[in-house]
*Asks:* 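Here it is: the structure, laid out below.
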Amino acid sequence: MATPGQKVVLITGCSSGIGLRMAVMLAKDEQKRYHVIATMRDLKRKDKLVEAAGDAYGKTLSLAVLDVCTDESVKQCINGIKDRHVDVLINNAGIGLVGPIESIPIDEMKKVFETNFFGVIRMIKEVMPDMKRRKGGHIIVVSSVMGLQGVVFNDVYAASKFAMEGFCECLAVQLLKFKVTMSMIEPGPVHTEFEAKMIQDVQQKEFPGADADTVNYFKNVYLPSSVDIFETLGQTPDDIARCVKKVIEASSPRFRNLTNPLYTPIVALKYADETGGLSVHAFYHMLFNLGPLMHVSMTAMKYLTCGCLRSRTISPN
Ligand SMILES: NC(=O)C1=CN([C@@H]2O[C@H](COP(=O)(O)OP(=O)(O)OC[C@H]3O[C@@H](n4cnc5c(N)ncnc54)[C@H](OP(=O)(O)O)[C@@H]3O)[C@@H](O)[C@H]2O)C=CC1
Ligand SMILES: CC1=C(/C=C/C(C)=C/C=C/C(C)=C/C=O)C(C)(C)CCC1
């Protein structure tokens, strides 16, 4: 249980990746400012978290079951917290989906929205009224750079994150009136199970319904470039956890927080040309013309990115 003065932080999706590292980092805060309720849908997956939390487990970190896709599970979890008091809600649980849309059943697409979009809304609806009443609290959403800029073959995943960005952009204004803060975190690629699940998933698939050219562009042009991008630009879950801790501890937290400076030019392109043509053609050129040179160009970009771009992102250091 939280001791007086400690902030109660509830995080969804803590069995792996970014959620796990955020839970551990906040629970191990030297000043013990947080009591972390690390949630996951299946407690059988708790071992990695418990091991990483070490001494903090049972003290500044407790576990709870929570499936963001079920009303009952969300209600039960929040009702189980003393006075239903959550100071910081971190919506992290999420799933990916890549591939030609011709070969993806609508039900699989709905699952992505059910988790990434309605899952977050379900959490916010349960926690926000108490925060509004108390006139305080911080809602954090782990969105994605793909919530701001679409990436080819990630159509449905990007749409779920765009939807979240739009939803939160609206809500943030109302919440300001109630002194509740809203922050979006927009990572680029991060080395977690998300990446492994994506690779495993596409290796198993045959892409029925998609024509041979499209499958060829996906498998032989997009996927190798994507793997390269993860290799050259990928951040660690600890990088993202450090960014989130900074956002929580900021005296006036920013609404949007890109974690990777290398994505700032890509997002800037979008706002530089309101017709959208610049972004579409730049992405086309990067993928289809620079594809084989992607590794070289991304490595160059990594070393050439100037300080002014870094200052527009939330740095993990
Ligand atoms: N990795 C990346 O490159 C990027 C990831 N993100 C976002 O970061 C967030 C975390 O992903 P990441 O750590 O990378 O990936 P992981 O796959 O490692 O972690 C995702 C977590 O979400 C959980 N989860 C999935 N569905 C549900 C559900 N219905 N209820 C509760 N928990 C659920 C998983 O639990 P279980 O073990 O039960 O499956 C897992 O703990 C996601 O929102 C993702 O979109 C954003 C940008 C880049
Ligand atoms: C930048 C870029 C590409 C890929 C970007 C990727 C793969 C981003 C992944 C982001 C993730 C995983 C976000 C999760 O939320 C392409 C299309 C290969 C080529 C053009 C430039």
Side-chain angles (χ1 to χ4, degrees), residues 11-23 38-46 48-49 64-70 73-74 77 90-98 111-112 114-120 122-123 140-154 157-158 160-161 164 184-198 200-201 217-218 221-237 239-241 244 258-260 262-263 265-267 269 279 282-291 293-295 297-298 301:
I11 312 174
T12 64
C14 293
S15 65
S16 63
I18 298 171
L20 186 152
R21 296 312 309 173
M22 284 191 295
T39 71
M40 59 186 76
R41 58 180 162 174
D42 182 0
L43 280 183
K44 282 196 217 94
R45 303 242 307 140
K46 72 174 190 305
K48 260 200 303 183
L49 172 64
V65 181
L66 195 159
D67 180 340
V68 298
C69 292
T70 319
S73 171
V74 169
C77 178
I90 307 183
N91 294 287
N92 164 76
I95 57 173
L97 185 63
V98 277
K111 204 174 129 203
V112 173
E114 194 49 57
T115 310
N116 298 0
F117 181 65
F118 291 110
V120 178
R122 202 172 271 117
M123 291 305 301
I140 294 178
V141 177
V142 181
S143 170
S144 166
V145 70
M146 280 199 231
L148 304 174
Q149 171 61 56
V151 169
V152 63
F153 289 121
N154 285 269
Y157 175 74
S160 73
K161 296 291 187 179
M164 213 51 252
M184 313 298 289
I185 312 293
E186 285 106 356
V190 185
H191 301 291
T192 65
E193 288 184 16
F194 186 93
E195 178 191 8
K197 283 173 199 161
M198 184 220 15
Q200 197 189 6
D201 186 48
Y217 292 138
F218 175 60
V221 182
Y222 168 77
L223 277 183
S225 299
S226 167
V227 168
D228 244 5
I229 298 241
F230 265 93
E231 243 172 58
T232 47
L233 307 188
Q235 291 182 293
T236 66
D239 287 335
I240 312 307
V244 172
L258 276 164
T259 66
N260 192 331
L262 297 154
Y263 274 87
I266 288 175
V267 175
L269 256 194
S279 292
F283 264 83
Y284 179 92
H285 181 65
M286 282 194 278
L287 185 64
F288 291 109
N289 300 335
L290 288 180
L293 295 170
M294 189 69 77
H295 190 80
S297 44
M298 285 298 156
M301 197 162 131

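Along the sequence shown, residues carry numbers from 1. Indexing begins at 1, ligand by ligand and atom by atom, following the structure's order. Predicted, not measured: the structure shown is a model, and the values here were computed from it. Quick note: numbers below take in every heavy atom, side chains included, and nothing from hydrogens, waters or symmetry partners.
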*Asks:* Out of Phe230, Phe153, Tyr157, whose heavy atom is nearest to atom 12 (C) of ligand 2?
*Replies:* Phe230
*Asks:* Of all the non-hydrogen atoms in the protein, which one sits nearest to atom 18 (O) of ligand 1, and at what distance?
*Replies:* Ser16 OG, 2.8 Å
*Asks:* In ligand 1, which numbered atoms sit nearer than 4.0 Å to a non-hydrogen atom of Gly17?
*Replies:* 13 (O), 18 (O)
*Asks:* Do you know the tightest heavy-atom contact between Gly13 and Asn92?
*Replies:* O-ND2, 3.0 Å
*Asks:* Does Arg45 reach ligand 1 with a nitrogen or oxygen that is under 3.5 Å from one of the ligand's nitrogen or oxygen atoms?
*Replies:* yes
*Asks:* For atom 12 (P) of ligand 1, what is the nearest protein heavy atom, given as residue, atom name and distance?
*Replies:* Thr192 OG1, 3.4 Å
*Asks:* What's the separation between atom CZ in Arg122 and atom OG1 in Thr70, rounded to the nearest 0.5 Å?
*Replies:* 6.5 Å
*Asks:* Distance from Asp239 atom CG to Asn260 atom CG, nearest 0.5 Å?
*Replies:* 8.5 Å
*Asks:* I want to confirm something. Looking only at heavy atoms, which of Pro189, Ser144, Cys14, Gly188 is nearest to atom 48 (C) of ligand 1?
*Replies:* Gly188
*Asks:* State yes or no: are the ring centers of Phe288 and Tyr217 separated by less than 6.0 Å?
*Replies:* yes
*Asks:* Which ligand 1 atoms does Asp67 reach within 4.0 Å, using its non-hydrogen atoms?
*Replies:* 28 (C), 29 (N), 30 (N)
*Asks:* Which residue and non-hydrogen atom of the protein lie closest to atom 31 (C) of ligand 1, and at what distance in Å?
*Replies:* Leu66 O, 3.4 Å
*Asks:* For atom 34 (C) of ligand 1, grab the closest protein heavy atom and report residue, atom and distance to one decimal in Å.
*Replies:* Ser15 OG, 4.0 Å
*Asks:* For ligand 2 and Tyr263, I'd like to know whether there is a polar contact (N/O to N/O, distance under 3.5 Å).
*Replies:* no
*Asks:* Say you draw a straight line from CG of Leu49 to CD1 of Ile11; how long is it, rounded to the nearest 0.5 Å?
*Replies:* 9.0 Å
*Asks:* How many angstroms lie between atom SG of Cys77 and atom CG of Asp67, to the nearest 0.5 angstrom?
*Replies:* 11.0 Å
*Asks:* Locate the shortest heavy-atom distance separating His191 from Pro237; write the atom from each residue and the value.
*Replies:* O-CD, 3.3 Å
*Asks:* Would you mind listing which atoms of ligand 1 come within a distance below 4.0 Å of any non-hydrogen atom of Gly94?
*Replies:* 20 (C), 22 (O), 42 (C), 43 (O)
*Asks:* Out of curiosity, Ser143 OG to Met164 CE, how far, rounded to the nearest 0.5 Å?
*Replies:* 8.0 Å
*Asks:* Shortest non-hydrogen contact from Ser226 to Met198?
*Replies:* OG-CE, 4.1 Å
*Asks:* In ligand 2, which numbered atoms sit nearer than 4.0 Å to a non-hydrogen atom of Ser144?
*Replies:* 13 (C), 14 (C), 15 (O)
*Asks:* Indicate, with yes or no, if the rings of Phe194 and Phe230 have centres closer together than 6.0 Å.
*Replies:* no
*Asks:* Give yes or no for whether the N/O distance cutoff of 3.5 Å, strictly under, is met between Ile95 and ligand 1.
*Replies:* no
*Asks:* Out of all atoms in ligand 1, which are within 4.0 Å of some heavy atom of Asn92? Include the element for each.
*Replies:* 9 (C), 10 (C), 42 (C), 43 (O)
*Asks:* Identify the protein heavy atom lying closest to atom 46 (C) of ligand 1, giving its residue, its atom name and the separation to 0.1 Å.
*Replies:* Ser143 O, 3.2 Å
*Asks:* Distance from Gln149 atom CD to Tyr263 atom OH, nearest 0.5 Å?
*Replies:* 10.5 Å
*Asks:* Look at atom 18 (C) of ligand 2 and find which of Ala282, Gly147, Gly234, Ser225 reaches it with the closest heavy atom.
*Replies:* Ser225
*Asks:* If you have a sec, work out which protein heavy atom is nearest atom 13 (O) of ligand 1 and how many Å separate them, to one decimal?
*Replies:* Ile18 N, 2.8 Å
*Asks:* Can you name the atoms of ligand 1, numbered from 1 with element, that are less than 4.0 Å from a heavy atom of Tyr157?
*Replies:* 6 (N), 7 (C), 44 (C), 45 (O), 46 (C)
*Asks:* I need the minimum non-hydrogen distance between Leu262 and Pro265, along with the two atoms involved.
*Replies:* O-CD, 3.6 Å
*Asks:* Test Thr259 against Gln235 for side-chain hydrogen bond (donor to acceptor under 3.5 Å, both in side chains), laying out the working first.
*Replies:* CA-CA 9 Å; Thr259 66; Gln235 291 182 293; 2.6 Å; yes
*Asks:* List every atom of ligand 2 that sits less than 4.0 Å from any heavy atom of Met286, numbering the atoms from 1 in the order shown and giving each element.
*Replies:* 20 (C), 21 (C)
*Asks:* In terms of the angle between their ring planes, are Phe218 and Tyr222 parallel, tilted or perpendicular, with boundaries placed at 30° and 60°?
*Replies:* parallel
*Asks:* Which pair of heavy atoms, one from Ile240 and one from Pro187, lies closest together, and at what distance?
*Replies:* CD1-CB, 3.9 Å
*Asks:* Counting each atom of ligand 2 from 1 as listed, which ones have a heavy atom of Ile229 under 4.0 Å away?
*Replies:* 1 (C), 2 (C), 3 (C), 4 (C)
*Asks:* Measure across Ser15 and Leu20 and return the closest heavy-atom pair with its distance rounded to 0.1 Å.
*Replies:* O-CD1, 3.6 Å
*Asks:* I need the contact type for Val190 against ligand 2. Using non-hydrogen atoms and a strict under-4.0 Å cut-off, is it side chain, backbone, both or neither?
*Replies:* neither
*Asks:* Let me know which of Ile90, Val141, Thr39, Asn91 forms a side-chain contact (heavy atoms from CB on, under 4.5 Å) with Met123.
*Replies:* Asn91
*Asks:* Has ligand 1 got any nitrogen or oxygen that is less than 3.5 angstrom from a nitrogen or oxygen of Val190?
*Replies:* yes
*Asks:* Which residue holds the protein heavy atom closest to atom 17 (O) of ligand 1, what is that atom called, and what is the gap in Å?
*Replies:* Lys197 NZ, 2.6 Å
*Asks:* Of all the atoms in ligand 1, which lie at a distance below 4.0 Å from a heavy atom belonging to Lys161?
*Replies:* 43 (O), 44 (C), 45 (O)
*Asks:* Considering only heavy atoms of Thr115, which atoms of ligand 1 have at least one such atom less than 4.0 Å away?
*Replies:* 26 (N)
*Asks:* Can you find an N or O of Phe230 that's nearer than 3.5 Å to an N or O of ligand 1?
*Replies:* no
*Asks:* With atoms numbered from 1 as shown, which atoms in ligand 1 lie under 4.0 angstrom from a non-hydrogen atom of Val142?
*Replies:* 7 (C), 8 (O), 9 (C), 43 (O)
*Asks:* Within ligand 2, which atoms have a heavy atom of Tyr222 less than 4.0 Å away?
*Replies:* 7 (C)
*Asks:* How far is atom 25 (C) of ligand 1 from its nearest protein heavy atom, and which residue and atom name does that atom have?
*Replies:* Arg41 NH2, 3.6 Å
